[in-house]
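Worksheet: one structure, shown below.
Per chain, numbering begins at 1; letters A, B, ... match sequence-line order. As a basis for the values below, the full set of heavy atoms in this structure was taken, side chains included, without hydrogen atoms, waters or symmetry mates.
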Amino acid sequence: MFKFILKGLLRDKRRSLLPVIVVSIGVFLTVFMSGWLTGVFKDMIDVNANFTTGHVKIMTRSYAENENQIPNDLALTGVDSLMSELNSRYPEMEWVARIHFGGLIDIPDEQGETRAQGQAVGMGIDLFDNSLEAERMNIPSSVVKGRIPSISGEALISDDFAEKFNVAVGDEMTLFGSTMNGAMMFQTYTISGTVRFGAAMLDRGAVIVDIEDAREAMDMQDAAGEILGYSKEGLYDDEQVSVIKESFNSAFTNPDDEFSPVMLRLRDQQGLDEYLALSESISFMMMLIFVLAMSIVLWNTGLLGGLRRYTEYGIRLALGEEKSQIYKTMLYEALLIGLIGSVIGTALGLSAAWYLQTYGLDFGDMMANSTMMMPQVFRAYISPRLFYIGFIPGTFAMVLGTALAGFAIYKRKTAKLFKELEV
Amino acid sequence: MEQKSIISITNLTKEFPVGKGHFTALDKVNIEFGVGEFAGLVGPSGSGKTTLLNIIGSLDTPTTGDAIVMGQSISKLSHKQSALLRNHHIGFIFQTFNLLPVYTVYENVEFALLLQNMSSGERHKAVMEALEWVGLTDKEKSKPSMLSGGESQRVAIARAMVKKPQIVLADEPTANLDSKNSHHILQTMKKLNEELKVTFIFATHDEKVMMYLNRVVNLADGRIVSDERVMNHVKAQ
């Protein structure tokens, strides 16, 4: 009997090829769109994690409360021993220290007089010691002119600033600000290169120096504004970081000491909890709508496929096949078509998602003045979910549609059905 | 000579709901058919011919009364039992042939045997025998679309006969055929009737069919108005 069904499927293109094409297209779109949406949201989270929040961030309690003001006088101290402790307690994470600072950039002319001045939004990160920090912040590909600092005393500045004030690579600049202890600070750096991240928030007066240079300038030896932790697997795992957060805070945070360290998860910072919840619900809703829409299309395909063959079912009834047997063969056929279409559609969807994951779509020009921390290249992300999500509309909906079409046959009295089947 | 009864219908009434009332398609019908009869239900449209055939073929059930076919009460059969009865004992021939278009002649005829879980060797033997009865062994690989109307109906006869049923029910089998093909088909059926002692019951108003019948049952408004045994005008050749 199975051979008989298979022969029918292979010979009748309207019964096999057409539904397989429809299922494949539906599943392809479901898989591809799901991969792309997941990728875009993941990239947005990654950009925030890489530049500001980490997967977890440790600050003093009072620094955390006033983080927007970059209060380096409230920075963490004893950072070296804390980092050692973190590395031994939580080896699954990579720990890095950063110092944010504000100030004034002064560009002198040949006589040493001020040629240009502008606000500085600076960051001291580990640029040496084989650190991943430069790659994490996408600095190598954001360098417009020159190079990343390779020795102490060098700095990267915003390309916008350099263009505006005609500053060249190799020029000197003086950074004015305050030390950790509140004293006036000025430090001269050689400009090794210019950077443009593509987000106005990062490009306005950006100054990037090695963290040791920042420590020296601001009297922050063995101190840092924040320590960020990144999962070594590279993915933000809320469950994992929640466990680490709870463990760290119970061991290190003292509610009576405003300088005691406190750990925050990515989603505890900058309204990212709401953003994550929103992105998850939007992603879920869009996928649900998409899966439902595709399900209706594929259900309809199953329904029409069933209706088109009413006469055949009538003949089979007359020849002595049971209604339940006919119903079963309809479902087997739908299952077979659904599975073949789902496999093809999933393979196509994964291929397209892989292409977008590898190459992405560059929206950099459209986002030149964006102040949001958003990626410029929108990429897809191939998650394990993509391997099965297409089977929901592809197989389930197809079988459901056929089941509903066949239900009419199953429920009707044979004679009435026989009459309606026009046999 | 007294024929052994294969179909016995007693006080059979069949009503169909129409709006708030009902339409009586068969009204207290009493009739018996013996083994090997070549009988026709004759009458105008709406007289109840097809309804009676459907009940005999266990495609429908009586509203009241009973139809005993091959010793089984149609009213009391479950879906499975009625499917088994059709599969093993009753063959159907339709006005519009109703062959499955994607399957070959051989596969169309073979289908009824697939339902009986017969081995492929036995199926092959039975199918070829049935195709030989209707003279279509050379068309076994053809698709229905490649056949003429007469050939299609002969395939339908082979399909009905392949399982060697005791009863064949034919609903206007010649309505879509020209005169020559009609006679050819009727000759084939008559031959099978005489050789295999299969009971044929037709629903028809085709004069050509009536020439072959040995019993004519006239129906009007759901009642039997006459039931005559007739001498065959035409013999199987």
Side-chain angles (χ1 to χ4, degrees), chain A residues 1-20 304-330 332-334 336-337 406-423, chain B residues 14 16-17 25 50-51 53-55 57-63 74 77-104 106-118 120 123 143-144 156 159-160 162-163 165 169 171:
Chain A
M1 197 64 178
F2 179 74
K3 216 169 143 189
F4 180 82
I5 293 171
L6 205 61
K7 272 183 196 167
L9 275 177
L10 293 174
R11 289 178 193 166
D12 186 357
K13 299 283 184 279
R14 284 194 297 175
R15 200 191 296 184
S16 53
L17 188 65
L18 196 67
V20 164
L304 288 174
L307 294 175
R308 196 173 67 79
R309 292 170 59 199
Y310 258 31
T311 307
E312 178 195 323
Y313 301 143
I315 298 163
R316 287 164 61 178
L317 272 176
L319 291 177
E321 193 169 1
E322 277 182 70
K323 281 196 285 189
S324 59
Q325 174 70 16
I326 293 174
Y327 194 48
K328 264 192 258 177
T329 59
M330 286 172 74
Y332 289 151
E333 282 185 26
L336 194 64
I337 287 166
F407 196 64
I409 289 176
Y410 198 69
K411 289 299 283 182
R412 272 179 170 78
K413 277 193 164 182
T414 307
K416 196 176 174 195
L417 179 65
F418 204 65
K419 207 169 183 180
E420 286 169 8
L421 298 176
E422 293 174 357
V423 174
Chain B
K14 180 68 186 177
F16 293 108
T50 300
T51 305
L53 274 194
N54 282 346
I55 291 172
S58 77
L59 290 168
D60 207 348
T61 50
T63 307
I74 295 297
L77 293 179
S78 65
H79 286 307
K80 188 171 183 158
Q81 287 168 328
S82 63
L84 272 174
L85 179 69
R86 286 196 297 274
N87 186 222
H88 285 87
H89 304 296
I90 301 172
F92 284 88
I93 297 169
F94 308 101
Q95 179 180 334
T96 50
F97 325 136
N98 286 320
L99 302 178
L100 300 172
V102 296
Y103 297 100
T104 63
Y106 182 94
E107 288 158 351
N108 264 281
V109 178
E110 186 191 27
F111 180 73
L113 303 179
L114 284 173
L115 299 171
Q116 294 183 357
N117 293 322
M118 208 179 257
S120 70
R123 286 202 308 270
K143 292 275 181 65
R159 183 176 63 183
V162 70
K163 56 195 177 188
L169 304 173
D171 194 356

* Tell me, for B:S78 versus chain A, whether the close heavy atoms (under 4.5 Å) come from the side chain, the backbone, both or neither. => neither
* Option from B:T61, B:T50, B:D60 for which side chain to side chain contact (heavy atoms under 4.5 Å, CB included) with B:I55 holds -> B:D60
* To do: Could you point out which residue of B:V109, B:V162, B:L113 forms a side chain to side chain contact (heavy atoms under 4.5 Å, CB included) with B:R123?
  => B:L113
* Asked: Which region of A:R316, side chain (C-beta onward) or backbone (N, CA, C, O), has a non-hydrogen atom less than 4.5 Å from a non-hydrogen atom of chain B, or is it both or neither?
  -> both
* To do: Would you confirm whether A:E333, through its side chain, and A:M330, through its main-chain N or O, come within 3.5 Å as a donor-acceptor pair?
  => no
* **Best-contacting candidate, B:N117, B:L100, B:L115, against chain A by heavy atom pairs under 4.5 angstrom** => B:L115
* Structure fact -> Here the gap from A:Y313 atom OH to A:I326 atom CD1, rounded to the nearest 0.5 Å, amounts to 8.5 Å
